[in-house]
Amino acid sequence: MEAFFDFEKPIATLEKKLQDLRDLAKAEGVDLSREIASLEKKLILLIDDTYSKLNPWQRVLISRHSNRPYTRITSMLFFPPSWKSRGIAASGKIPPF
């Protein structure tokens with residue numbers, strides 16, 4: 001169960017409807033691609049509209065969200081653990097490729 005803020009509830013509701021429609025199309029074998037595409041467009045517009053109008057406190061709430069990735073995790077994207085095996089940990093220098 002994901003936690004949503006009050007201003008995110010319309011987004012969560014639309015995402016649930018979209019997932020339900022995808023599940024229905026898969027279970028019944030019915031082509032609902034037009035409806036799914038329409039809902040996806042509405043979802044993108046709703047997300048853009050919602051997050052472009054956040055007040056300062058809502059931005060703080062987003063930045064402190066419990067599911068937000070930590071610095072250590074995001075830094076691993078830039079500095080993968082394989083660099084340790086190349087000697088970066090021992091020498092402190094980035095090895096040539």
Transitive ILVMFWY side-chain link Trp57 to Phe5, under 4.5 Å: yes

Straight-line distance of Arg34 CZ to Leu39 CG, nearest 0.5 Å: 14.5 Å

For the student: nearest non-hydrogen atoms of Leu54 and Ile62, plus distance: CD1-CG1, 4.2 Å

Donor-acceptor contact present, side-chain Thr50 to main-chain Ile47, <3.5 Å: no

Any donor-acceptor N/O pair, Gln58 side chain to Asn55 backbone, under 3.5 Å: yes

Nearest-0.5 Å distance, CG of residue Asp23 to NZ of residue Lys16: 8.0 Å

Pair Arg22 + Glu40: basic N to acidic O under 4.0 Å: yes

Lys42 side, atom NZ; Asp49 side, atom CG - distance, nearest 0.5 Å: 14.5 Å

Closest non-hydrogen atom pair between Leu18 and Leu43, with its separation: CD2-CD2, 4.1 Å

Carboxylate-amine/guanidinium contact Lys9 Asp6, below 4.0 Å: yes

Side chains of Leu24 and Val30 in contact at under 4.5 Å (non-hydrogen atoms): no

Test item: Ser52 side-chain N/O and Asp48 main-chain N/O as donor-acceptor pair under 3.5 Å: yes

For Leu32 against Ala25, the heavy-atom pair lying closest together: CD1-CB, 3.8 Å

Evaluation steps, side chain to side chain contact (heavy atoms under 4.5 Å, CB included), between Tyr51 and Arg59: CA-CA 9 Å; Tyr51 287 105; Arg59 290 177 191 228; over 6 Å; no

Same apolar cluster (I L V M F W Y, side chains within < 4.5 Å links), Val60/Phe4: no

